[in-house]
Amino acid sequence: MEANFDGKKLREVRKSRDLSQVSLASQAGSSDHYIRDLETGRKSNPSAQVVCKISYILGVSMDTFMRIEREEGDMVFK
């Protein structure tokens with residue numbers, strides 16, 4: 001199983017909250033360039049701490065921004 005950060009989802013949620021990249025970055029203690037890079041896919045592996053801060057600011061769970069891709073042979077637990 002592979003989990004990847006979904007920058008498009010970040011952009012979608014941020015815009016739905018009517019929040020600019022600059023404002024989100026400021027609140028998250030980051031730069032607007034970093035937020036832009038996350039949204040465009042230039043950066044795709046943010047730390048859990050960054051994802052946690054962004055999720056809290058936007059009012060969503062961290063897994064909102066994760067794209068889970070199953071691979072052949074993955075075990076599924078119920």
Side-chain angles (χ1 to χ4, degrees):
M1 184 176 306
E2 191 172 319
N4 296 299
F5 184 79
D6 188 347
K8 289 180 183 179
K9 188 67 175 178
L10 170 57
R11 178 181 296 247
E12 176 186 314
V13 174
R14 178 185 59 75
K15 285 186 168 199
S16 76
R17 303 295 191 272
D18 198 30
L19 202 60
S20 70
Q21 289 174 336
V22 172
S23 181
L24 176 59
S26 175
Q27 292 180 55
S30 185
S31 72
D32 58 316
H33 296 286
Y34 186 66
I35 299 298
R36 187 175 307 110
D37 286 348
L38 286 174
E39 290 184 352
T40 61
R42 278 194 198 118
K43 301 277 186 191
S44 59
N45 193 19
S47 70
Q49 183 178 14
V50 168
V51 177
C52 184
K53 284 180 184 180
I54 289 171
S55 299
Y56 179 80
I57 292 162
L58 296 175
V60 297
S61 65
M62 290 174 64
D63 65 340
T64 300
F65 303 117
M66 301 309 295
R67 195 175 50 245
I68 308 297
E69 298 173 16
R70 294 185 186 223
E71 298 173 341
E72 190 175 324
D74 282 346
M75 300 283 293
V76 177
F77 298 96
K78 294 184 179 188

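Just so it is clear, the model here is predicted, and its values are computed rather than measured.
Minimum heavy-atom separation, E69 to R67: OE2-NE, 3.4 Å. Of all non-hydrogen atoms in G41 and S44, the two that sit nearest each other are O-CB, 4.4 Å. In plain terms, the two heavy atoms of G59 and R17 that are nearest each other are O-NH2, 4.1 Å.
Just one of L24, T64, V60 meets the side chain to side chain contact (heavy atoms under 4.5 Å, CB included) condition when paired with L10; it is L24.
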Requested in this report: Starting from the C-alpha separation in whole Å, work towards a yes-or-no answer on side chain to side chain contact (heavy atoms under 4.5 Å, CB included) for N4 and I68.
Outcome: CA-CA 7 Å; N4 296 299; I68 308 297; over 6 Å; no
**Report entry** side chain to side chain contact (heavy atoms under 4.5 Å, CB included) evaluation trace for F65 with I54
**Finding:** CA-CA 10 Å; F65 303 117; I54 289 171; 4.1 Å; yes
Requested in this report: Show your working on side chain to side chain contact (heavy atoms under 4.5 Å, CB included) between K15 and R11 and close with a plain yes or no.
Outcome: CA-CA 6 Å; K15 285 186 168 199; R11 178 181 296 247; 4.0 Å; yes
Query raised in the report: Would L19 and I57 satisfy side chain to side chain contact (heavy atoms under 4.5 Å, CB included), going step by step from the backbone distance to the final call?
Result: CA-CA 10 Å; L19 202 60; I57 292 162; 4.1 Å; yes
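Between the side chain of D63 and the backbone N or O of M66 there is no donor-acceptor pair closer than 3.5 Å. Put simply, the side chain of S26 never gets that close to the backbone of S23: no donor and acceptor are under 3.5 Å apart.
Note: E39 CD to Q21 CD = 4.5 Å, rounded to the nearest 0.5 Å. Note: L58 CG to Q27 CD = 8.5 Å, rounded to the nearest 0.5 Å.
Following chains of ILVMFWY side-chain contacts shorter than 4.5 Å, one cannot reach Y56 starting from V13, and the two form parts of different hydrophobic clusters.
Using a 4.5 Å cut-off on side-chain heavy atoms (C-beta onward), V50 and S30 make no contact. Contact of the F5 side chain with the N45 side chain is not registered, since no non-hydrogen atoms from C-beta on lie closer than 4.5 Å.
Between E12 and R14 there is no salt bridge, since none of the side-chain N atoms of the basic residue sits less than 4.0 Å from a carboxylate O of the acidic one.
Applying the salt bridge (Lys or Arg N to Asp or Glu O under 4.0 Å) definition to pairs two or more places apart or across chains, those involving residues 19-38 are D32-R36, D37-R42.
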